Amino acid sequence: MVQGTLPSDSGRPSVVESCSLVIFGASGDLARRKLMPAIYNLLLDGMLPPHFAVVGTSRKDLRHEDFRAGMREGVEKYSRRPLDRSAWSAFESRLFYHRGSISEAATYDGLRSLLTQVDADQHLPGHRLFYLAVPPDAFAPICHGLQRAGLAYPPDANKPFCRIIVEKPIGHDLESARQINSALAQVFDESQIFRIDHYLGKETVQNMMVLRFANSIFEPIWNSKYIDHVQITVSEAEGVGTRAAYYDKIGALRDMVQNHILQLLCLVAMEPPHSLDPDVVRDARMNVLRCLRPIAGKEVERMAVRAQYRRGSCRGIDIPDYRHEAGVTPDSTMETYVALKLFVENWRWAGVPFYLRTGKAMPTRASEVAVQFKDIPQILFNANPTMPQAPNVLALRLQPAEGFSLRVISKVPGTKAQTQPVEMNFNYGDAFSAGTPEAYERLLLDVMIGDASLFMRRDAVEASWAWITQILDGWKTEERRQLPGYPAGTWGPIEADQLIGANGRAWRTI
Ligand code: BG6
């Protein structure tokens, strides 16, 4: 494939314009683990624009060569495809480094000079992407530094484009999210801001829209008339690991539900968008957030369960009590598990409960969206009330072993009228030979193209925080009860089983 030319693809632009990517926080983990491996794989796939450069910046005193060596090591360790020496050596001369503190004007002046030089040497037209791989309190100083140096400006048809990419956490509640968004908005127009939620970049997450809207069999039954309930599970087998300093201030609700899981919910529950235009798709997702019934005040105790893992083991590996993990406060009340029951109050979903659960130190790493259909009438093959027939379930597996399965009831071969549930299984890996790209590959490419469909718009970030903050407030005012525990390596506390069990339902076995 010609470099910079994309396969034709539902109306997306077919050419990626030459540009440079500036990474703030370039000596950190994200650049090594995710960004550079993603760029490298785009390179191998011929997806990078014809002319492209990366400029890393951080406070560390590095030479261009040191930066290149660090990035190479990142690719060797974390790329989904092994390092091809000749491809890398041809590419690495396009990586540059600039040392500087984000609070000093000289950093941005120096960056501007380097970028001007790089543009001239690499035949770049001056289009720039600024990736802020830094904590959110650094966003405002960086935006202003870039603006002062003339590197950031509003969209202007006569000037090269400049875009900014930011990572979560975008705040820890509604107020702080608004502040971060306002700081970005002082310098950049919303159309220039790309807020990453890496779940939206996952191939199987994108497939949820295709499954729903490119097949005729699902949409007619995708509503409260046929669907009994929906379960979304994102379980992780590891404990908090080395991230305790961050996690102990955040917890599972903020870390996973506010962003990733609510976005999964939006994709399951959204109305069909009338086009694939980024804002039309984002409006459709946003409308689901608008319809969420608030969980506030007394409802919090009824609809939200939180818990913390205790000592246990997962697949033979011992996991300590959360409160004994290095970096966790010994009397921490931070949740490592959360389960919610919620309702999307619109015509399609009236009365259908959605159950969400996520946690660390659970039996396995799995993400799944399961749509359970209503029971059939208690006649014919379902006439025995003591042995009700299993319902149909469409389960979308997001990771691992991406694919989906449909549970249907079949006759057991033989002379009896005996029935049994069977699974119709589809595995991505079996059906498509090409390796699945990492989320960051797709997301970085989309920023280069300027396609914001898979990014979080300001209104969506704030709407999900508004909804989540009510639960957080409820937890704050809840009488100080004992926080439930669950042994590491199990599926969560009994309270979560009671949450879903109250209406005769049960969590799926994954
Ligand atoms: C991150 C969370 O956003 O997502 C982590 O901060 C979590 O705590 C991770 O482990 C899960 O992502 P993935 O892609 O491994 O499912």
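Note: hydrogens, waters and symmetry copies are ignored here, and every other heavy atom, side chains too, is used. Source: prediction; values computed, not measured. Counting convention: from 1, in listed order, for ligands and their atoms alike.
- A salt bridge links D255 to K168: one of the charged nitrogens lies within less than 4.0 Å of a carboxylate oxygen.
- Atom numbering of ligand 1 starts at 1 in the shown order; those under 4.0 Å from a heavy atom of K168 are 1 (C), 2 (C), 3 (O), 6 (O).
- Distance from atom 15 (O) of ligand 1 to its nearest protein heavy atom, with residue and atom name: R365 NH2, 3.0 Å.
- Taking the six-membered ring for Trp and thresholds of 30 and 60 degrees, W222 and W349 have ring planes more than 60 degrees apart, a perpendicular arrangement.
- In this structure, R212 is not positioned above the aromatic face of F218 in the sense of NZ or CZ being under 6.0 Å from the six-membered ring centre and within 45° of the axis.
- At least one heavy atom of H260 sits less than 4.0 Å from an atom of ligand 1.
- Taking every non-hydrogen atom of Y199 and a distance limit under 4.0 Å, the qualifying atoms of ligand 1 come out as 12 (O), 13 (P), 14 (O), 16 (O).
- The ligand atoms of ligand 1 that sit less than 4.0 angstrom from a heavy atom of K202 are 13 (P), 14 (O), 16 (O).
- At the top of the distance list for atom 10 (O) of ligand 1, counting protein heavy atoms only, stands E236 OE1, 2.5 Å.
- Listed by number with element, the atoms of ligand 1 under 4.0 angstrom from any heavy atom of D255 are 2 (C), 5 (C), 6 (O), 8 (O).
- By the 30° and 60° cut-offs, the orientation of the rings of F24 relative to F130 is tilted.
- For atom 12 (O) of ligand 1, the nearest protein heavy atom (residue, atom name, distance) is H198 NE2, 3.2 Å.
- Heavy atoms only, all atoms of each residue included: M448 and F161 are closest at O-CZ, 4.0 Å.
- In this structure, R442 fails the cation-pi test against Y440, since its NZ or CZ atom is not both closer than 6.0 Å to the six-membered ring centre and inside 45 degrees of the ring normal.
- The shortest non-hydrogen separation linking S332 to Y322 is OG-CE2, 3.5 Å.
- Pairing each heavy atom of V205 with each of L200, the nearest pair is CG1-CA, 4.2 Å.
- Scanning E438, Q399, R243 for the heavy atom closest to atom 5 (C) of ligand 1 points to R243.
- Close approach of ligand 1 to K360 is summarised as follows: ligand atoms under 4.0 Å from at least one heavy atom of the residue are 5 (C), 7 (C), 8 (O), 10 (O).
- For the pair Y247 and ligand 1, no heavy-atom separation below 4.0 Å is found.
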